[in-house]
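The block underneath contains the structure these notes are about, expressed in structure tokens.
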Amino acid sequence: MNFIILIVLFGAMMWFMQRNQKKAANKRQEQLNSMQPGSEIVTIGGLHGILSSIDTDKGTIELDAEGVILTFDRSAVKTVKPAATSDALDDVISDAKAVTTPESTDDSKTPDSPFE
């Protein structure tokens, strides 16, 4: 009789543990699916930035960390805060375009460094 009670308790414990793990996995997946450009992201390494773009084919995201665009796997995301206001989103997009757009160089200028 005691053996049966132990088996039932062990089975109930396993069922509750699996249930909690499944809830946590579903919550994390919802969090990753709710990401959109402008969301504030914190990576598992502690880097804070604004989500610039999402590449679902590659499973990567691009973060704008004070003007520096960094690429991470989606699995590197720890927390997602809701998207910023539309003004902040416009600033992030314009900053990202400014970083990725090469500026024209004038070859007639003399270099500032003697090593160039």
Side-chain angles (χ1 to χ4, degrees):
M1 185 68 175
N2 288 336
F3 185 68
I4 294 173
I5 293 174
L6 276 174
I7 291 176
V8 169
L9 287 175
F10 183 73
M13 183 179 69
M14 293 300 291
W15 183 78
F16 279 113
M17 286 182 4
Q18 287 179 349
R19 182 172 170 231
N20 288 339
Q21 287 177 349
K22 190 173 182 179
K23 279 184 176 181
N26 285 341
K27 182 178 178 183
R28 175 156 173 75
Q29 190 61 42
E30 286 177 17
Q31 182 182 36
L32 292 176
N33 290 339
S34 71
M35 290 189 306
Q36 52 186 314
S39 298
E40 291 185 39
I41 304 291
V42 179
T43 66
I44 56 175
L47 181 84
H48 294 248
I50 305 291
L51 183 62
S52 178
S53 68
I54 303 171
D55 188 347
T56 54
D57 295 334
K58 292 181 182 178
T60 60
I61 61 169
E62 288 186 352
L63 289 184
D64 180 1
E66 295 185 14
V68 178
I69 304 297
L70 303 167
T71 303
F72 291 94
D73 288 337
R74 284 183 64 196
S75 61
V77 174
K78 181 178 178 183
T79 58
V80 178
K81 296 179 184 175
T85 63
S86 62
D87 292 336
L89 181 58
D90 291 339
D91 291 343
V92 168
I93 292 171
S94 64
D95 289 345
K97 287 180 181 176
V99 169
T100 58
T101 306
E103 295 183 21
S104 62
T105 58
D106 187 5
D107 293 334
S108 66
K109 292 182 180 178
T110 58
D112 294 334
S113 171
F115 299 109
E116 291 182 8

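Residue numbers start at 1 and run along the sequence shown. Keep in mind that what you see is a predicted model, and the values were worked out from it rather than measured.
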Subject >> Main-chain N/O of L32 paired with R74 side-chain donor or acceptor, under 3.5 Å >> reply: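 A pair under 3.5 Å: yes.
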Should [X] and [Y] count as side-chain neighbours, where that means a heavy-atom distance under 4.5 Å?
X: I50; Y: E40; result: yes
X: I54; Y: E62; result: no
X: L47; Y: F72; result: yes

Identify the heavy atoms of [X] and [Y] that sit nearest to each other, and give their distance.
X: M35; Y: L51; answer: CB-CD2, 3.8 Å
X: H48; Y: G46; answer: CD2-O, 3.1 Å
X: L63; Y: T43; answer: CD1-CG2, 3.7 Å
X: S52; Y: I69; answer: OG-CD1, 4.4 Å

Subject >> Under the side chain to side chain contact (heavy atoms under 4.5 Å, CB included) test, residues paired with F3 that sit two or more places apart >> reply: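 F3: side chain to side chain contact (heavy atoms under 4.5 Å, CB included) contacts with I7.
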**OP:** Tell me, please, which residues at least two apart from T60 pass side chain to side chain contact (heavy atoms under 4.5 Å, CB included).
**Re:**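 Per chain and number, T60 pairs via side chain to side chain contact (heavy atoms under 4.5 Å, CB included) with D55, K58, T71, D73.
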**OP:** For residues 7-29, pull every pair meeting side chain to side chain donor-acceptor pair (under 3.5 Å), keeping only residues two or more places apart or in separate chains.
**Re:**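 For residues 7-29, and leaving out neighbouring residues, the side chain to side chain donor-acceptor pair (under 3.5 Å) pairs sorted by first residue read Q29-N33.
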Subject >> Hydrophobic cluster membership, L70 vs V77, 4.5 Å side-chain cutoff >> reply: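 Same cluster.
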Original post:
Would a hydrophobic clustering, with Ile, Leu, Val, Met, Phe, Trp and Tyr connected at side-chain separations under 4.5 Å, put I5 with F10?
Top reply: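 The answer is no; the residues belong to distinct hydrophobic clusters.
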**OP:** Rounded to the nearest 0.5 Å, what's the gap from CD1 on I4 to CG on L9? Could you check?
**Re:**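 One gets 12.0 Å once the value is rounded to the nearest 0.5 Å.
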